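Bear in mind the structure is a predicted one, so any value in this text is a computation, not a measurement.
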2 protein chains.
Amino acid sequence: MSTTAGVPSLPEVVARVLAREPRAVGRALRLVDDGGPASHALLKALWPHTGKAWVLGVTGNPGAGKSTLCDRLIAAYRARGVRVGVVAVDPSSPYTGGAILGDRIRMSRHATDDGVFIRSLATRGHLGGLTRSARDVVRVLDACGYEVVIVETVGVGQDELEITHTAHSTLVVMAPGMGDEVQAIKAGILECADVFAVNKADREGADTTVRDLELMISLGNESIRALSKARGHATHGMADGFVQPPTPASPDTLPERWTPPITRCVASRGDGVDDVVAALDRHRAWIDGTEAGRARRRARLGEQVRESLREALIEAAVGDLGQQLDEAVRAVDERAVDPYTAIERLVAAFRAR
Amino acid sequence: MSTTAGVPSLPEVVARVLAREPRAVGRALRLVDDGGPASHALLKALWPHTGKAWVLGVTGNPGAGKSTLCDRLIAAYRARGVRVGVVAVDPSSPYTGGAILGDRIRMSRHATDDGVFIRSLATRGHLGGLTRSARDVVRVLDACGYEVVIVETVGVGQDELEITHTAHSTLVVMAPGMGDEVQAIKAGILECADVFAVNKADREGADTTVRDLELMISLGNESIRALSKARGHATHGMADGFVQPPTPASPDTLPERWTPPITRCVASRGDGVDDVVAALDRHRAWIDGTEAGRARRRARLGEQVRESLREALIEAAVGDLGQQLDEAVRAVDERAVDPYTAIERLVAAFRAR
């Protein structure tokens, strides 16, 4: 993307991105990160070249050892000759950028391997920007021919849950004795976990963590539904055929229903990583090779589309309403109007334009 | 709300809620929790009676001792004869409902005090439902005459940040040696913290936690801005006049700019709780008594209005588009259309209706 040659045309940019020219890829990712019309034009042009990557979400609490395990996974996939893209979603403040956490540094042994591309994203303020950004970056890396794209997120909050809708398979990493047993039961973890890895499995408390997970999984969908119904809670987003009491399955046949396997590893030494990789391979095969797996993928896509729609709507509304929005805030602040009426008027004004 | 008398009229419901009739309040909260037109009608009718409560957000990581400290705060405000409402936002799965965490149980000594009302909310799926629910429940409790409403959230994720926009003052609770030093630097904590409480201050590592916080605060707004700009990140939502290097302020005069004070306490024994309460009182006086404080409150209200607008838009769109949305998901899944074009069409269809 030479500056002397002027602004390259969209087809030129696309060609260079598909050829994985580092500067073109970097520029495309910055463009996509910023969002807006130019980003959309590029993403539309890249779209026909996407859909080949397998997207692996890796989530878990800080300190569980996600980055160390990701490092091992990258090495495992590279050993198969597969190109790996990594999107590290780090919701830390601008301070850190990985410098304090140090996570990114641990991955740096892949820095000189041009079959590995690592992109860090920071939190982008409000209104779902992070999820959109992560999803679009995944699509660029997919178009570039990274056959595995790992999306690593910190924690298991709502944002992270949304980001897992981008993934075909989600690995939840836990460590013993970190309060993970309780954290694990946080919202949606059963909905998003396809494989559990209990890392630092040589530490005291690993058995407890595994048992807690087994209990949680064995209670299964029906119990969750019954409980939810009793409490009047929505079970929105909980796909059918996901959680059930574990049943021993033949390793050769794909199960009709997927039960998240619990693997153990010590990522720092590389122990047990093969088991994690095997469990992920099996989930990938299930997603691709069974009706229930395909239905699950479609359900996640549905969530993605709804999230994109929400973002597109608020973006368009904030852009269109402009001053009217500020005036509404002032009116509510001065108690001249209640917020419910104010919002109804804003929605109507947006639709009438 | 007698069943023999038929369905009570809206003015009747409002009168009973304002009179704090327990059954009417409970019914109003369930209605508000469910959302929808009936909820909006009630909230509009209650709106003229709101705006009197001081809303205190309490957030921090699991294990920091938020609930124990909240328990102490409730007791302190009750000792002043003030009615206290509590909205406990617990993003744990339907399993827990506080039973595993046990947090709610600790507050139960206030269960027989009719000057205290505690309402738990669980995560409500996607699309910002939790934030909306928390905000509306706060408004009902405000209308009911609870003069202090405490909103307790677990963790410091995006959802929790949004919920703090509901609060006039936000207390961030930390504990030494829990990886909090790193967690503290997570997205937005500087934006939302008005007062820090380092709980379990008798434990090893408390000094380190305090020092880390001091450093973070002293780096201040300008450094964050500079860093953010250098990295091309938005600093959206970072109100002016918020963070600056701590300057010793006379305890009698309100500072022009607010620097989050760092208090220490051992909530389990009640030590230092007075200092936390005093710091919160001072922040409340600043919010009400200075131009910068009022500007800060308006900025948070602006965030609230934008969030409400986002929720109202997606709710209206999902309702209106119905089948068209499902068809779009199928088309993207079958790769008949790229998701960007599909979303553009959905937005246009929504606006054209």
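- Ranking A:Asp326, A:Val347, A:Leu309, A:Leu321 against chain B, the residue ahead of the rest is A:Leu309, based on heavy-atom pairs under 4.5 Å.
- How far OG1 of B:Thr50 is from CZ of A:Arg335: 4.0 Å, rounded to the nearest 0.5 Å.
- Looking at B:Arg330, its side chain never comes within 3.5 Å of a backbone N or O of A:Arg298 through a donor-acceptor pair.
- Only the side chain of A:Leu325 has a heavy atom closer than 4.5 Å to any heavy atom of chain B.
- Options A:Asp136, A:Asp333, A:Val332, A:Val305 differ in how many heavy-atom pairs under 4.5 Å they form with chain B, and the most are formed by A:Asp333.
- Counting heavy-atom pairs closer than 4.5 Å to chain A, the top-ranked of the candidates B:Ala316, B:Pro339, B:Ala328, B:Gly302 is B:Pro339.
- Shown here for A:Ala317 and B:Leu313, the closest heavy-atom pair between the two residues is CB-CD1, 3.6 Å.
- If you take NZ on B:Lys44 and OG1 on A:Thr341, they are separated by 4.0 Å, rounding to the nearest 0.5 Å.
- For the atom pair OH (A:Tyr340) and NE2 (B:His40), the distance works out to 6.5 Å, reported to the nearest 0.5 Å.
- Within the model, atoms CD of A:Glu334 and CG of B:Leu301 stand 10.5 Å from one another, a figure rounded to the nearest 0.5 Å.
- To the nearest 0.5 Å, atoms CG (B:Leu346) and CZ (A:Arg306) are separated by 11.0 Å.
- For the options A:Glu344, A:Arg294, A:Arg139, A:Gln304, heavy-atom pairs under 4.5 Å to chain B are most numerous at A:Arg139.
- Judged purely by atom type and a 3.5 angstrom limit, A:Arg351 uses its side chain to pair as donor or acceptor with the backbone of B:Phe350.
- Comparing B:Ala312, B:Gly51, B:Ala352 by heavy-atom pairs within less than 4.5 Å of chain A, the highest count is held by B:Gly51.
- Here CD of B:Glu315 is found 11.5 Å from CD1 of A:Ile343. Values are rounded to the nearest 0.5 Å.
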